[in-house]
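Scroll down for the structure; my scribbles are underneath it.
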Amino acid sequence: MIWLAWRQFRTQAAVVFGATAVLAALLAATGPRLVHLYHAHGRAFLDELGGTESSLYLIGTFAVLFTPALVGTFWGAPLVTRELDAGTHRLAWTLTTRTRWLVTRLGVVGLAAMAATGLLSLAVTWWSDPIDAAIAENSGGPGPGVFLLPRMHFLIFDTRGVVAIGYAAFAFVLGVTIGVIVRRTIPAMAVLLVLFTVTQATMALGVRSHLLPPEHVTTRISSANLTLIDITGNLTVTIDKPGAWIVSQHTVNAAGQVVSPPSWVEKCPLQTRQGSHACFDRLTALGYRQLISYHPAGRFWTFQWEETAIYLALALLLGGFCTWWLRRLS
Amino acid sequence: MSGAVLRAQGLGKRYRGRWALSDCTLEVPEGRVVGLVGPNGAGKTTLLSLAAGLLTPTSGTIEVCGGRPGADRAQLAKVGFVAQDTPTYARLTVAEHLTLGARLIPSWDMRLARERVRRLGLPPDQRAGNLSGGQRAQLALTLAVAKRPRLLILDEPVAALDPLARREFLQELSDATAGREISVVHSSHLVSDVERVCDHVIVLVGSRVRVAGDVRGLLAAHHLVRAPHLDPAALPPGVHAVSADRTDRQTTLLVRADAPIDGHGWAVAPVGLEDLVLAYMSRSTPALEGHR
């Protein structure tokens, strides 16, 4: 059965592994220069990077970001529906049991999906490492050009490390499962894209920050760390934790209660620029502080492994459900 | 008569609220080449798909070669199935299809498969998608036969073929099963296909068996009777009208008789299988008891 699973899949596998190899070669050719520049100039080397590096940075990041969705759409969803369309399931299922047929194909294609995504993600992670390190050293402020976000940021986190392997496995099995339930290729692809996007957004914006309890720090509010006063009057400050992921922040009063900052704070930055520190000093004297919940940058790999494990477990559960569903399909 | 190779009892299958087959009870005798005939929508494909284990019954039971269809690998190996439209993997070559069989089926007979492919002139390196309809059907038959099954099930395998390919396929089917310990169920809505290869016929209409029996036995027991005036209700004992065809000048009855029916002053003529099957198919009365 492994033979059939591989024989049906080898062309697609060749295309994806070929594309991965091309991108990996490009990264391998340009990566050493980044390492060298970073060692020579520290975080300032970001300013020296040109169009080629910017393009590769974006291409690599987006490639890892979209590969799991593509795997689910083009390997997962059609895996069973294509057989149903062609009627070949009526040949296959009289040659071998459905369970063996499905489990083998899930295994072969699923492992290939994880391998391709893993290779791509590790290549991109290695290549981007000097850039990510330099961005982190900016202490919360955005880097120059396209090098904006630290790797703990939800837009970058998905495209580094090992987590994409979990995403690929999950997206693939989810695609197969939806295909088995919907039984039509194009609707299955559409449903997969919606469900997978919703899952990713839920994980990144809702679940991930709760995987570990955040750390807290209380800091005085000053002209040096205040970056934003939004229209409701809430403040945003930075903290001196390179690459940290700030989950939430609130202004607290002298008693430690969460409060809205006094409205006159909005005048402070201007007064400071005019040479008077009285405004911020008054804020501090009244006991106002900023309470910040954050995940330190060092937790990156803990988050990576935890989330990978969660997605792999989800993929296994879905695989079991999918096999059960296919067995009673008739 | 040995046992039954396929036994259905009150078998039913419902799709999305519609019964494709309901309360179907029939037996397929072992060692015979059985033609399953019936109009479109009679439930033939559903019945055979249930027998191959591709579907699971909504109600009733079905037993094939003493086991539940599709239950495990041993059961799968006992049944060769050629599905409607004879599906094959379009991107796999003929030789790769044989490899597939060899890798999946413990009882696979590679020598038989290779020999058939060579004799049929199927190019081994050709992708199945590039074969003609007739060649594809022959490949599908080869895959089913090389399993060395106890029961070979064919669901309208020739429906999409031109007359020449149809004849060649049926000839091959006869050759492949001749002198083997193999039972065959072959469905068709064309009696002529069945007549060519089958020695036993089952007529299925609306999930019910209208008539079933040995082809020669059925032909011997049925007669066309002509007389100027014949009342189907007033036939002698042991003679039953299956269908009646009246004109002003004479009545023609197709009758089933348990004994010779000469000597009533009727013109008696033998009946062909096609007329016999059509007569039972178009009857609105319930099934007669099957002949063996």
Side-chain angles (χ1 to χ4, degrees), chain A residues 1-16 74-75 78-109 112 176 179-185 187 321-330, chain B residues 13-15 20 45-46 48-58 64 69-93 95-97 99-108 128-129 136 139-140 143-144 146-147 149 151-153 155:
Chain A
M1 188 54 220
I2 291 175
W3 180 84
L4 175 64
W6 171 245
R7 177 62 189 82
Q8 288 183 277
F9 171 62
R10 65 183 187 189
T11 312
Q12 301 168 54
V15 170
V16 168
F74 294 104
W75 288 3
L79 190 86
V80 175
T81 57
R82 213 171 26 221
E83 302 261 344
L84 297 177
D85 288 344
T88 42
H89 65 292
R90 292 176 297 161
L91 174 63
W93 297 354
T94 54
L95 293 175
T96 185
T97 61
R98 291 180 203 194
T99 304
R100 186 163 167 242
W101 180 81
L102 183 66
V103 169
T104 311
R105 299 190 70 199
L106 282 177
V108 168
V109 184
V176 177
V180 168
I181 294 171
V182 176
R183 298 200 212 175
R184 280 161 41 230
T185 307
F321 171 77
C322 180
T323 310
W324 172 78
W325 189 281
L326 187 77
R327 245 166 56 186
R328 51 177 291 278
L329 179 79
S330 62
Chain B
K13 178 69 198 177
R14 191 175 53 196
Y15 288 111
T45 294
T46 307
L48 296 185
S49 298
L50 285 161
L54 291 178
L55 301 179
T56 45
T58 312
V64 176
D72 49 35
R73 295 180 73 189
Q75 178 69 28
L76 285 171
K78 286 187 212 166
V79 180
F81 182 65
V82 178
Q84 211 166 11
D85 312 326
T86 59
T88 51
Y89 284 104
R91 298 173 64 86
L92 265 62
T93 65
E96 283 172 330
H97 275 88
T99 308
L100 176 63
R103 284 175 181 267
L104 290 177
I105 304 294
S107 59
W108 182 259
R136 207 156 46 234
L139 176 59
L143 291 175
K147 277 171 97 171
L151 172 64
L152 181 60
I153 299 175
D155 184 12

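Values below: all heavy atoms of this structure, side chains included; hydrogens, waters and symmetry mates excluded. This structure is a prediction, so every number in the text was calculated from the model and none was measured.
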Practice task
Please name the pair of heavy atoms, one in A:Trp93 and one in B:Leu76, separated by the smallest distance, quoted to 0.1 Å.
Solution key: O-CD2, 3.5 Å
Fill in the blank from the handout: Hits for side-chain hydrogen bond (donor to acceptor under 3.5 Å, both in side chains) against A:Arg105, two or more places apart or cross-chain, chain-then-number order -> A:Glu83
Problem - For chain B, the option from A:Met1, A:Arg100, A:His89 that forms the most heavy-atom pairs under 4.5 Å - result: A:Arg100
Handout entry: Part of A:Thr99 lying under 4.5 Å from any heavy atom of chain B
Key = neither
Completion exercise
Taken to the nearest 0.5 Å, the spacing of A:Thr97 OG1 from B:Leu104 CG works out to 9.5 Å
Exercise for the section: Hey, could you give me the CZ/CD distance between B:Arg91 and A:Gln8, rounded to the nearest 0.5 Å? Expected result: 10.0 Å
Handout entry: A:Leu95 side chain reached by B:Ile105 side chain, heavy atoms, under 4.5 Å
Key = yes
Problem - Nearest-0.5 Å distance that lies between atom OG1 in B:Thr86 and atom CZ in A:Arg90 - result: 9.0 Å
Problem - Which atom of A:Leu91 lies closest to which atom of B:Leu143, heavy atoms considered - result: CD1-CD1, 3.8 Å
Fill in the blank from the handout: Rounded to the nearest 0.5 angstrom, the CG-CG distance for B:Leu92 and A:Leu4 is 6.5 Å
Completion exercise
If one checks every heavy atom of B:Leu50 against chain A at 4.5 Å, the contacting part turns out to be neither
Exercise for the section: Decide yes or no for A:Arg328 and B:Thr56: does some side-chain heavy atom of the first lie under 4.5 Å from some side-chain heavy atom of the second? Expected result: no
Completion exercise
Shortest non-hydrogen pair, A:Arg98 vs B:Leu54, comes out as NH2-O, 2.6 Å
Exercise for the section: Examine whether an atom of B:Gln75 lies under 4.5 Å from a heavy atom of chain A, and if so say whether it belongs to the side chain, the backbone or both; otherwise answer neither. Expected result: neither
Handout entry: Minimum-distance pair of heavy atoms, taken over all atoms of A:Ala86 and B:Pro87
Key = O-CB, 4.2 Å
Exercise for the section: Considering only heavy atoms and a distance below 4.5 Å, find which of A:Thr96, A:Ile2, A:Thr94 pairs most often with chain B. Expected result: A:Thr94
